[in-house]
Amino acid sequence: MKPISVTAYTVAAPVAGIRFAVIADLHNQNAREVYACVKELKPDACLFVGDLFESPPRRRGFSYDEAALCLELLAPLSKLFWVPGNHDFTLPDDLAAAMDRLGVTRLDNRAVFFRGVWLGGLSSAQYLTKKEPDLAFLSSFSQKTGFKLLLSHHPEYYPKYIRQLPIDLTLSGHAHGGQWRFFGRGVYAPGQGLFPRYTKGLYEGRLLVSCGLKHSRIPRFFNPREILFLTVGETEPRVSE
């Protein structure tokens with residue numbers, strides 16, 4: 001397996017530079033490898049943008065040992081923030097207690113103020129009856145004063161629910177880079193189908209999608225696993241993909 005790549009982005013904001021490691025789609029895998037990578041980055045905070053562990057309700061079993069180990073290793077390095085993805089549908093009591101003990105901030109349709117930036121988390125609605133995210137929270141978050149950084153696992157939420165709101169930057173995963181990438185485009189992503197629009201990189205200067213860390217029996221082609229290193233503040237944003 002190839003090593004995890006690090007992709008750096010800088011987005012302008014009226015704050016001193018804040019360094020974030022953006023970790024998407026861990027899926028309960030490779031805790032020590034992620035730790036070794038993040039340790040070198042020395043971030044101010046780690047932002048887990050969903051699918052930290054493995055628990056879709058349509059499958060039997062539940063697995064979070066590597067996810068718990070990853071949090072345990074990273075907690076001494078920086079602040080930890082997490083928004084639930086579709087695989088994070090169930091949070092058992094012992095894992096919730098461990099996250100609280102480690103100081104993990106759970107952004108489950110809630111927001112916190114961190115170093116001059118609002119961090120909000122829009123939770124996955126994939127297994128809710130209406131499959132619609134918490135729009136009341138989203139509206140409330142968008143009205144806050146200052147730079148607003150939204151963690152939302154599903155990039156397909158952006159054009160439907162987020163684009164029209166005054167939210168400065170949304171961080172997503174879920175698409176796994178399109179799994180196979182050819183000529184800079186992914187082939188398939190859940191929620192977007194074939195040849196999806198939002199799979200990797202910065203779009204419209206307001207949506208940043210990580211191709212994530214998931215590996216499975218279906219190989220990734222021209223699509224290395226990645227952690228994003230995001231600096232908010234100081235310079236102008238990069239050009240969209």
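One-based numbering along the sequence shown. Predicted model, so just to flag it, every value in this text is computed and none were measured.
- More than 12 heavy atoms of other residues, nucleotides or ligands shown are found within 6.0 angstrom of CZ on Phe221.
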Next on the checklist: Is there a side-chain hydrogen bond (donor to acceptor under 3.5 Å, both in side chains) between His87 and Asn28? Walk through the geometry before answering.
Outcome noted: CA-CA 10 Å; His87 275 259; Asn28 196 54; over 6 Å; no
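- Arg110 and Thr105 share no donor-acceptor pair across their side chains, judged by distance under 3.5 Å alone.
- By the 4.0 Å N-to-carboxylate-O rule, Glu204 lies close enough to Arg163 to be salt-bridged with it.
- Side-chain atoms of Asn86 and His153 include a donor-acceptor pair closer than 3.5 Å.
- Between the side chain of Ser139 and the main chain of Ala136, no donor-acceptor pair closer than 3.5 Å is present.
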Item to check | Test ring-ring contact (aromatic ring centres under 6.0 Å, His included) applied to Phe229 and Phe20, step by step | outcome: CA-CA 6 Å; Phe229 188 55; Phe20 296 109; 9.4 Å; no
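- Residues Gln192 and Tyr198 form a side-chain contact, since some pair of their non-hydrogen atoms from C-beta on lies under 4.5 Å apart.
- Contact record, Ser152 with Val83: N-CG1, 4.5 Å, taken as the closest heavy-atom pair.
- Under 4.0 Å is where a charged nitrogen must lie from a carboxylate oxygen, and between Glu54 and Lys214 at least one such pair does.
- Under a 3.5 Å cut-off, the side chain of Glu40 and the backbone N or O of Ala36 do not form any donor-acceptor pair.
- Atom-to-atom distance recorded for Thr170:OG1 and Leu122:CG is 8.5 Å, nearest 0.5 angstrom.
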Checklist entry - Do Ser5 and Glu226 pass the side-chain hydrogen bond (donor to acceptor under 3.5 Å, both in side chains) test, and can you show the C-alpha distance, the side-chain angles, and the key distance before you say yes or no? => result CA-CA 5 Å; Ser5 66; Glu226 75 172 351; 4.6 Å; no
Checklist entry - Between Leu230 and Leu171, is a side-chain contact (heavy atoms from CB on, under 4.5 Å) present by the stated rule, with each step listed? => result CA-CA 10 Å; Leu230 171 66; Leu171 303 177; 4.0 Å; yes
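- With values rounded to the nearest 0.5 angstrom, Leu41 atom CG is found 10.5 Å from Leu228 atom CG.
- Within the model, atoms CD1 of Ile227 and CD of Glu33 stand 8.5 Å from one another, a figure rounded to the nearest 0.5 Å.
- By the 4.5 Å heavy-atom criterion applied to side chains, Thr231 and Ile18 are not counted as neighbours.
- Considering all non-hydrogen atoms of both residues, Met99 and Trp82 come closest at CE-CE3, 3.4 Å.
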Checklist entry - How far apart are the C-alpha atoms of Leu52 and Leu71, what are their side-chain angles, what is the distance that settles it, and do they pass the side-chain contact (heavy atoms from CB on, under 4.5 Å) test? => result CA-CA 10 Å; Leu52 173 63; Leu71 297 176; 4.0 Å; yes
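- Under the 4.5 Å side-chain heavy-atom criterion for ILVMFWY residues, a single connected hydrophobic cluster contains both Leu135 and Tyr158.
- The minimum heavy-atom distance linking Ala21 with Pro43 is given by the pair N-CB, 3.7 Å.
- Cluster annotation: Val112 and Leu149 are assigned to the same hydrophobic cluster (Ile/Leu/Val/Met/Phe/Trp/Tyr, side-chain heavy-atom contacts under 4.5 Å, transitive).
- Ion pairing between Arg106 and Asp100 holds under the 4.0 Å rule for side-chain N and carboxylate O.
- Counting only distance, with no hydrogens or angles, the side chain of Asp88 and the backbone of Gly85 share a donor-acceptor pair below 3.5 Å.
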Checklist entry - Should Arg197 and Tyr203 be marked as a side-chain contact (heavy atoms from CB on, under 4.5 Å) after you check the CA-CA gap, both sets of side-chain angles, and the distance that decides it? => result CA-CA 9 Å; Arg197 173 72 178 97; Tyr203 301 89; 3.0 Å; yes
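- Around atom NZ of Lys2, no more than 12 heavy atoms belonging to other residues, nucleotides or ligands sit under 6.0 Å away.
- The shortest heavy-atom contact between Ser172 and Leu207 is OG-CD1, 3.7 Å.
- Using a 4.0 Å cut-off between charged nitrogen and carboxylate oxygen, Asp44 and Arg115 count as a salt-bridge pair.
- The neighbour count for Asp94 CG, taken as heavy atoms of other residues, nucleotides or ligands under 6.0 Å away, is above 12.
- Distance alone, capped at 3.5 Å, is enough to place a donor-acceptor pair between the Glu66 side chain and the Ala31 backbone.
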Checklist entry - Could you walk me through whether Leu213 and Asn30 pass the side-chain contact (heavy atoms from CB on, under 4.5 Å) check? => result CA-CA 9 Å; Leu213 296 163; Asn30 301 324; over 6 Å; no
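- With contacts defined as side-chain heavy-atom distances shorter than 4.5 Å, the pair Leu77/Tyr35 qualifies.
- Considering all non-hydrogen atoms of both residues, Ala24 and Val49 come closest at CB-CG2, 3.3 Å.
- Checked by atom type and distance alone, the side chain of Gln179 never pairs as donor or acceptor with a backbone atom of Val187 at under 3.5 Å.
- Cation-pi geometry between Lys144 and Trp118 is satisfied (NZ or CZ under 6.0 Å from the ring centre, within 45° of the ring normal).
- To the nearest 0.5 angstrom, Leu169 atom CG is 12.0 Å from Lys148 atom NZ.
- Side chains of Trp180 and Asn223 form no contact here, defined as non-hydrogen atoms less than 4.5 Å apart.
- Of the candidates Pro133, Ser124, Ser123, Pro190, Ser124 is the only one forming a side chain to side chain contact (heavy atoms under 4.5 Å, CB included) with His154.
- A distance of 6.0 Å separates CG in Leu119 from CG in Leu47, rounded to the nearest 0.5 Å.
- Taking the six-membered ring for Trp, Phe81 and Phe48 have ring centres at least 6.0 Å apart.
- Side-chain contact between Arg32 and Leu73 is present, with at least one heavy-atom pair separated by less than 4.5 Å.
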Checklist entry - After noting the C-alpha distance and the side-chain angles of Ser78 and Arg19, does the key distance pass the side-chain hydrogen bond (donor to acceptor under 3.5 Å, both in side chains) rule? => result CA-CA 10 Å; Ser78 72; Arg19 300 167 301 174; over 6 Å; no
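- For Gln126 (side chain) and Lys131 (main-chain N/O), no donor-acceptor pair under 3.5 Å exists by modelled atom type.
- To the nearest 0.5 Å, atom OG of residue Ser210 and atom NZ of residue Lys200 are 7.5 Å apart.
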Next on the checklist: Determine whether Glu72 and Arg101 satisfy the following criterion, salt bridge (Lys or Arg N to Asp or Glu O under 4.0 Å), listing intermediate values before the conclusion.
Outcome noted: CA-CA 10 Å; Glu72 190 87 39; Arg101 174 177 57 83; 3.1 Å; yes
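- Panel note: side chain Asp134, backbone Phe137; a donor-acceptor pair is recorded below 3.5 Å.
- Both Leu26 and Val6 belong to a common hydrophobic cluster when Ile, Leu, Val, Met, Phe, Trp and Tyr are linked at side-chain heavy-atom distances under 4.5 angstrom.
- A pairwise comparison of heavy atoms in Cys70 and Val34 identifies SG-CG1, 4.0 Å as the closest pair.
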